[in-house]
Amino acid sequence: EVRPEEILNRDIRAEADVEATVDAIITDVRARGDAALIEYAAKFDHAELTDVRVSQAEIEEAFAELEKTDPEFITTLKMAAENIRHFHEQQLHKNFVVNDKPGIVLGQKYTPIQRAGVYVPGGTAAYPSSVLMNAIPAKVAGVGELIMVTPPTENMSNEVLAAAKIAGVDTVIAIGGTQAIAALTYGAGFIPQVDKIVGPGNAFVAAAKQIVSGDVGIDMVAGPSEVCVLADATAKPMVVAADLMAQAEHDPLAACYLVTCDEQFAREVEAGIDILVAQSPRAEITRASLDNEGTIVVAADMAAAVEAVNTVAPEHLELHCKDAMGLLGGIRNAGAIFVGAWSSEPLGDYVAGPNHTLPTGGTAMFSNPLSVEEFVKRSSVICYTPEGLLSDAPATQRLAEAEGLWAHALSAALRRRVLEQGEDAVNVESLAAADLTKVAWPGDTTATVAEGVDLAAAGADGAGVAGEEA
């Protein structure tokens, strides 16, 4: 049996000193606006800026330069963008209406948010793929204005700016870190407040998103990247080693899990890592991740192995198994599942189409990948005619009475009174003389509560409904 405490040691909460620093920066940006942004760009990113805006001309120039020097990369970006767009278009919802009860029209209305902010990290590498993955779902959803922020370092490259153009980003701003999250949340100078912020970042960005959540919508609080590989004896140890390294090279804190039923296979994977990491240009980061955050689980059987995977609830899961598709149904917790030996996780990072912004730190137990749904709001639509009101008002009044909410009941009762007695029954004089508690809570019969008010029947016996006050 594999106990959870033997597998996990993760906490996506920020350290106290990180939170204190983040709080101070947020307060400063709220107080001083874009002047604070320029100072923090110099302090943290060593960038001397007079304006944090990236002009459209700069973006066009970056794109044109790449078209000349690396047209294959532009083609790659366009191919990836098309795959991402096509996948996310399948997530679009249509408004719907339910009209199966006389006099009652119910529905659901989807509305894109007006303005969104996309955070693109740039501290240690350039990530044009993050631009595509975070911006395209917003545009598919119909977001009115999309603002991208990214640190003003050498990693704000032509590739990143070209991706912004292809993805349809409206404005690019050269700020990063906590100060960028604060500016998007509260506004700063020319930077408007946004409705939602998406995109991964370092510990300070994650802490900032967590702190401002509630003042602005966020997608998730993302921790270090992680992968779990479930492999049986049919897997190739060197391929599995490369797959683990593909996450490890992101960050010294990236978590890598190998789950297998074969201890000898695990040893072969470890030996493979030693061979491959020797030639890696990011060997130091990779080795730090694997040494400090790497975990091997040798399970008694495949059922126990699958349960270990569900305990990890990984951001990325690879099923390197003979019956990979057969195992899929048993996987309850994973951000993205790569099924079979040919489904390399980096395919999902870049070109497959599903989003690569995924829940980390075990939050795949209850969270989802970034999607079009992050950029739309759902509104319920409720429309009653007089007939519908008479059908449902008695039950509404009875429930309100049970909860002791008098005005709730009265709101429905006064409309009912108009239909039963005429408009004069709700004028000031009539209501001033009425026992409004009996109006609100009339003591309807079981049949009236269940079936609604039958005006014809009430008029025929001259008595009206039970408990009605004249």
Engineer: Verify the neighbour count for atom OH of Y350: are there more than 12 heavy atoms of other residues, nucleotides or ligands below 6.0 Å?
Structural biologist: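 Not buried by this count: 12 neighbours or fewer within 6.0 Å.
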
Engineer: Distance-only, no hydrogens or angles: does the R115 side chain make a donor-acceptor pair with backbone N or O of Q193 under 3.5 Å?
Structural biologist: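 Pair found, side chain donor or acceptor close to backbone of Q193.
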
Engineer: Out of curiosity, T363 OG1 to N333 CG, how far, rounded to the nearest 0.5 Å?
Structural biologist: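 One gets 10.5 Å once the value is rounded to the nearest 0.5 Å.
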
Engineer: Which distance, rounded to the nearest 0.5 Å, do you find between the CD1 of I181 and the OG of S213?
Structural biologist: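 Separation between the atoms: 11.5 Å.
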
Engineer: Which pair of non-hydrogen atoms, one from P369 and one from G335, has the smallest distance, and what is that distance?
Structural biologist: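 For P369 versus G335, the nearest heavy atoms are CG-O, 3.4 Å.
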
Engineer: Tell me whether the rings of H93 and Y110 are parallel (<30°), tilted (30 to 60°) or perpendicular (>60°).
Structural biologist: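 The rings of H93 and Y110 lie parallel, inter-plane angle below 30°.
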
Engineer: How about E318 and S343: does a side-chain donor come under 3.5 Å of a side-chain acceptor?
Structural biologist: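 Absent: no donor and acceptor within the cut-off.
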
Engineer: Show, in sequence, the C-alpha distance, side-chain angles and deciding distance for E226 and T360, and conclude whether the side-chain hydrogen bond (donor to acceptor under 3.5 Å, both in side chains) test is met.
Structural biologist: CA-CA 7 Å; E226 58 195 32; T360 62; 5.4 Å; no

Engineer: I'd like to know if R287 and D274 make a salt bridge, using a cut-off of under 4.0 Å between side-chain N and carboxylate O.
Structural biologist: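 Salt bridge flag = yes for D274 with R287.
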
Engineer: Does CZ belonging to R378 count more than 12 external heavy atoms closer than 6.0 Å?
Structural biologist: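 No, not enclosed.
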
Engineer: Hey, does Q179 have a side-chain heavy atom less than 4.5 Å from the side chain of F44?
Structural biologist: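 Yes - at least one pair of side-chain heavy atoms lies under 4.5 Å apart.
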
Engineer: Okay, side chain of T150, backbone of V120: is any donor-acceptor separation there less than 3.5 Å?
Structural biologist: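 Yes, T150 side chain to V120 backbone: donor-acceptor pair under 3.5 Å.
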
Engineer: With a 4.0 Å cut-off on N to O distance, would you call D243 and K236 a salt bridge?
Structural biologist: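 Looking at D243 and K236, the cut-off is not met.
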
Engineer: Set out, in order, the CA-CA distance, both residues' side-chain angles and the distance that settles side chain to side chain contact (heavy atoms under 4.5 Å, CB included) for I173 and I147, then state yes or no.
Structural biologist: CA-CA 7 Å; I173 302 173; I147 300 171; 3.5 Å; yes

Engineer: Thinking salt bridges, do E65 and K68 make one under a 4.0 Å N-O criterion?
Structural biologist: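 Salt bridge between E65 and K68, a charged N being under 4.0 Å from a carboxylate O: no.
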
Engineer: Are the side chains of I25 and F204 in touch, meaning some heavy atoms are under 4.5 Å apart?
Structural biologist: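 They are not in side-chain contact.
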
Engineer: For side-chain hydrogen bond (donor to acceptor under 3.5 Å, both in side chains), just list the numbers for S157 and E159, CA-CA rounded to whole Å, side-chain angles, deciding distance to a tenth of an Å, and then say yes or no.
Structural biologist: CA-CA 5 Å; S157 61; E159 288 81 3; 3.1 Å; yes

Engineer: Let's go through K109 and T111 carefully: what are the C-alpha distance in whole Å and the side-chain angles of both, what is the deciding distance for side-chain hydrogen bond (donor to acceptor under 3.5 Å, both in side chains) to 0.1 Å, and is it a yes or a no?
Structural biologist: CA-CA 7 Å; K109 175 180 179 291; T111 307; 2.7 Å; yes

Engineer: If you round to the nearest 0.5 Å, how far is CD1 of I218 from CG of L184?
Structural biologist: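 Atom-to-atom, L184:CG and I218:CD1 are 13.0 Å apart.
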
Engineer: Say you draw a straight line from CG of N158 to OG1 of T69; how long is it, rounded to the nearest 0.5 Å?
Structural biologist: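 Atom-to-atom, N158:CG and T69:OG1 are 7.0 Å apart.
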
Engineer: Roughly how far apart are L146 CG and K139 NZ, rounded to 0.5 Å?
Structural biologist: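 Going from CG on L146 over to NZ on K139, the span is 5.5 Å.
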
Engineer: With a sphere of 6.0 Å drawn around CD of E61, does it hold more than 12 non-hydrogen atoms of other residues, nucleotides or ligands?
Structural biologist: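 Not more than 12 within 6.0 Å, no.
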
Engineer: Please check: side-chain N/O of N202 versus main-chain N/O of V205, any donor-acceptor pairing under 3.5 Å?
Structural biologist: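 Yes, because the side chain of N202 sits within donor-acceptor range (under 3.5 Å) of the backbone of V205.
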
Engineer: Would you please name every residue forming a side chain to side chain contact (heavy atoms under 4.5 Å, CB included) with A241, sequence neighbours left out?
Structural biologist: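 Scan of A241 (side chain to side chain contact (heavy atoms under 4.5 Å, CB included), adjacent residues dropped) gives V269, I273, L276.
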
Engineer: So F63 and L161, side chain to side chain contact (heavy atoms under 4.5 Å, CB included) or not? Walk me through it.
Structural biologist: CA-CA 7 Å; F63 188 85; L161 295 180; over 6 Å; no

Engineer: In the structure I gave you, are the side-chain heavy atoms of F190 and D51 within less than 4.5 Å of one another anywhere?
Structural biologist: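 Heavy-atom side-chain distance check passes, below 4.5 Å.
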
Engineer: Closest heavy-atom contact between G330 and V306?
Structural biologist: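 Answer, listing the atom of G330 first, then V306: O-CG1, 3.6 Å.
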
Engineer: Are any non-hydrogen side-chain atoms of V194 and E145 less than 4.5 angstrom apart?
Structural biologist: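 V194 does not reach E145 side chain to side chain.
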
Engineer: Does atom CD (E284) have a neighbourhood of more than 12 heavy atoms from anything else shown, all under 6.0 Å?
Structural biologist: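 12 or below, so no.
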
Engineer: What verdict does the side chain to side chain contact (heavy atoms under 4.5 Å, CB included) test give for S367 and M220, after you've listed the backbone C-alpha separation in whole Å, the side-chain angles of each residue and the deciding distance to 0.1 Å?
Structural biologist: CA-CA 8 Å; S367 297; M220 64 187 78; 6.0 Å; no

Engineer: Contact between V259 and C228 at the side-chain level, heavy atoms closer than 4.5 Å - yes or no?
Structural biologist: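 SC-SC contact between V259 and C228 confirmed.
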
Engineer: If the threshold is 4.0 Å, N to carboxylate O, is there a salt bridge linking D392 and K101?
Structural biologist: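 Salt bridge: yes.
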
Engineer: Are any of the side-chain heavy atoms of H320 and V239 separated by less than 4.5 Å?
Structural biologist: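 H320 reaches V239 side chain to side chain.
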
Engineer: Does any part of the side chain of I191, heavy atoms only, come nearer than 4.5 Å to the side chain of D34, both counted from C-beta?
Structural biologist: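 D34 does not reach I191 side chain to side chain.
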
Engineer: Starting at CG of L327, measure out to CG of L319 and round the result to the nearest 0.5 Å.
Structural biologist: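 The CG atom of L319 is 6.0 Å from CG of L327, to the nearest 0.5 Å.
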
Engineer: Is the closest side-chain heavy-atom distance between S225 and H316 below 4.5 Å?
Structural biologist: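 They are in contact (side-chain heavy atoms under 4.5 Å apart), so the answer is yes.
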
Engineer: In this structure, are over 12 heavy atoms from other groups packed under 6.0 Å from Q90 atom CD?
Structural biologist: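 Enclosed.
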
Engineer: Any side-chain to backbone donor/acceptor pair from D45 onto I175? Under 3.5 Å, distance only.
Structural biologist: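 Not confirmed, D45 side chain does not pair with I175 backbone.
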
Engineer: Over all heavy atoms of both residues, which pair between I166 and K78 is shortest? Give the atoms and the distance, please.
Structural biologist: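 Looking at all heavy atoms of both residues, the shortest contact is CD1-CG, 3.9 Å.
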
Engineer: I'd like to know if R332 and E307 make a salt bridge, using a cut-off of under 4.0 Å between side-chain N and carboxylate O.
Structural biologist: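 Looking at E307 together with R332, the answer is yes, because their closest N to O distance falls below 4.0 Å.
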
Engineer: Ignoring hydrogens, what is the shortest heavy-atom contact between M365 and N310? Give both atom names and the distance.
Structural biologist: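 Residues M365 and N310, closest heavy atoms: CE-O, 3.6 Å.
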
